[in-house]
Amino acid sequence: MEKGTVLIVGSGGREHAISLQLAKSASVADIHVAPGNAGTSMVGSNHEVALEDIDGLCELAVRIGADLVIIGPEAPLVAGLADRLRQQGINCFGPNAEGALLEGSKQYAKSIMRRLAIPTAGSVMVTENSQIDSALGGFSKPWVIKRDGLAAGKGVTVTENIADARDAVKRAIETDGKVLIEEFLPGEEASILVLMDESGFSILPSSQDHKRLNDGDTGPNTGGMGAYAPAPVVTKMVMDRVISRIVEPMHKFLSGGSGPYRGCLYIGLMIDDCDPKVVEFNVRLGDPETQVTLPLVQSDLGLLFMAVSEGKLSDFKLDVSKKHAATIVLASEGYPDKPIKGRIVTGTSFEEDGTAAIIHHAGTRLDGDLVVSSGGRVLSVTGISDTLEGAINVAYSRISKVSMEGGHYRQDIGHKALET
Ligand code: AMP
Ligand code: GLY
């Protein structure tokens, strides 16, 4: 691509991180984002086209003459945006709807893992109330109950209480007609982002998300409250096992079918005693994992994503820095249940930043010159340093200068890595 035009679809911290990195790419001339946030509007042009508006997104890509479209979130992938763009001859980073089913249906993902003998938790599908007690009885506590479709990170219940487990299963059957009950996997979680096309795959630095709202991994599950990379729990031995037991069979499988998988396969792992098992597949970059992995990529991101979109990844040499990154998410009052929006956020401008931190906007919009919150996860502050401890310190020092009424963030990002 010679100085190309790129359209990024999405509006989170992930998309702001992608846009900031593309702005440093010699191969990228113009950056467009739909719908974007306050941060992306300072890097490129925002367009008010909703994620559900597949026709509108295709029209936008044609109108701006996009050489490459990068699809951030899962919903437009599951809805077939990548298929539509490819039919129109537009290069796209993100799998077709068939590939996206790995995230769109937990049942489908399980069936593929079973077929390929990929290590994962045992599970049963329940469709009738009469099956609930015997199905739950087949597992010991804590019970893990998973809704089948997309649920924005909120479709999983993990509980030690059998009445709550029964209730979660019943509610899911009422709304979806089916639900998965799964074996509980002990261990420590990690995220592996694998860039993939039919020519090969490249693995980005491992990372660890913090899914629970509160310190000490307590409180409800969220979209992610912070992350760091690389994750020491992913040792060389663990990574070798991930490659041979999970990435290689998935790559072989996804390179066949009706269209090759060109994008990112996100592997959510549970690692117990160096033994990795798949908790989930996502079909996109993670959020907030992207905010800590992309800043470590030293290669031209425009060329890298273009190579994936053209099926030429094996020709690309991925350069990754040896540094560490940590990001802390600032969440709104009431998040995740009922986030209060519309609050003024101060302390985000670059001039106030005397550190090596990056502010990644998420749920923000501009109101004149003011940054105003517009979502549950408002922004994340990312520190980069030679050590993990240094990266965490940089991020905490910078986020202490950001302020928003009711805003809160975890105080213990990276604790598991620092304890080891
Ligand atoms: P998921 O949406 O599948 O990533 O699940 C959300 C979170 O629930 C995961 O990040 C884990 O913390 C937890 N979880 C999901 N499945 C399991 C499992 N089988 N065993 C233990 N924890 C799980
Ligand atoms: N951080 C979890 C996800 O992106 O799904």
Side-chain angles (χ1 to χ4, degrees), residues 10 12-15 17-18 71-75 77-78 100 102-110 113 118-124 139-160 165 168 172 179-194 204 206-213 217-229 231 233 263-272 275-294 327-329 331 336 360 362 376-377 380 410 413 416:
R14 167 182 51 210
E15 288 74 24
I18 295 169
I71 304 174
E74 59 279 15
L77 291 165
V78 172
L102 279 176
E103 180 166 358
S105 166
K106 304 247 183 214
Q107 181 187 13
Y108 173 75
K110 278 283 177 203
M113 284 189 266
I118 286 175
T120 186
S123 65
V124 291
F139 296 92
S140 42
K141 70 179 179 181
W143 289 278
V144 180
I145 292 122
K146 289 193 176 180
R147 289 184 56 191
D148 189 56
L150 294 182
K154 291 160 205 152
V156 177
T157 306
V158 181
T159 178
E160 303 241 342
V179 66
L180 270 184
I181 301 175
E182 193 171 290
E183 172 198 2
F184 177 82
L185 298 175
E188 190 173 335
E189 285 185 77
S191 307
I192 309 286
L193 307 182
V194 187
L204 296 178
S206 62
S207 54
Q208 188 174 72
D209 189 6
H210 298 59
K211 298 232 162 118
R212 301 295 196 105
L213 183 66
D217 297 319
T218 57
N221 262 324
T222 68
M225 293 298 291
Y228 61 89
V233 65
C264 175
L265 179 68
Y266 165 132
I267 306 173
L269 289 176
M270 191 68 83
I271 302 159
D272 189 29
D275 193 17
K277 292 194 170 136
V278 176
V279 173
E280 63 168 343
F281 285 129
N282 294 324
V283 296
R284 50 171 176 81
L285 293 157
D287 188 336
E289 288 92 334
T290 299
Q291 290 90 306
V292 288
T293 47
L294 285 195
T327 199
I328 304 156
V329 171
H360 286 122
R377 290 191 291 174
S380 72
R410 277 181 62 160
I413 298 304
K416 284 200 176 124

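Numbering of ligands and ligand atoms starts at 1, following listing order.
When each atom of ligand 2 is checked for a heavy atom of Asn282 under 4.0 Å away, the hits are 5 (O). For ligand 1, the atoms closer than 4.0 angstrom to any heavy atom of Leu185 are 18 (C), 19 (N), 20 (N), 21 (C). Proximity to Met270 (heavy-atom distance under 4.0 Å) selects the following atoms of ligand 1: 21 (C), 22 (N). For ligand 1, the atoms lying closer than 4.0 Å to a non-hydrogen atom of Lys106 are 1 (P), 2 (O), 3 (O). Every atom of ligand 2 with a heavy atom of Tyr266 under 4.0 Å away is listed here by number and element: 1 (N), 2 (C), 3 (C), 4 (O). Within the listing of ligand 2, atoms 4 (O) sit less than 4.0 angstrom from a heavy atom of Gly286. Against a heavy-atom cut-off of under 4.0 Å, Gly223 is close to the following atoms of ligand 2: 1 (N), 2 (C). Heavy-atom contacts of Glu289 reach the following atoms of ligand 2: 1 (N), 2 (C), 4 (O) (cutoff under 4.0 Å). Within ligand 2, counting atoms from 1 as listed, the ones closer than 4.0 Å to a heavy atom of Asp209 are 1 (N), 2 (C).
When heavy-atom distances to ligand 1 are checked against a 4.0 Å cut-off, Lys146 comes that close only through its side chain, counted from C-beta outward.
A salt bridge is defined here as a Lys NZ or Arg NE, NH1 or NH2 lying under 4.0 Å from an Asp or Glu carboxylate O, and Asp217 with Arg410 meets this definition. Between Arg284 and Glu103, at least one side-chain N (NZ, or NE/NH1/NH2) sits under 4.0 Å from a carboxylate O, which counts as a salt bridge.
Residue contacts with ligand 2: Pro288 is included, with a non-hydrogen atom under 4.0 Å away.
Residues meeting the salt bridge (Lys or Arg N to Asp or Glu O under 4.0 Å) test with Asp275, sequence neighbours left out: Arg245. Partners of Arg14 under the salt bridge (Lys or Arg N to Asp or Glu O under 4.0 Å) rule, at least two apart in sequence or in another chain, do not exist in this structure.
Of the N and O atoms on the side chains of Ser207 and Glu289, not one donor lies less than 3.5 Å from an acceptor on the other residue. Using a 3.5 Å distance cut-off with no hydrogens or angles, the side chains of Ser191 and Asp209 do not pair a donor with an acceptor. For the residue pair Glu188 and Gln208, a side-chain donor N or O sits within less than 3.5 Å of a side-chain acceptor on the partner.
Of all protein heavy atoms, the one closest to atom 5 (O) of ligand 2 is Arg284 NH2, 2.8 Å.
Across Glu280, Glu182, Glu183, Lys110, a single residue satisfies side chain to side chain donor-acceptor pair (under 3.5 Å) together with Thr120, and that is Lys110.
When Asp287, Leu285, Val329 are ranked by how near their heavy atoms come to atom 4 (O) of ligand 2, first place goes to Asp287.
Residue Thr218 comes nearest to Arg212 through the heavy atom pair O-CB, 3.3 Å, listed as atom of the first residue, atom of the second, then distance.
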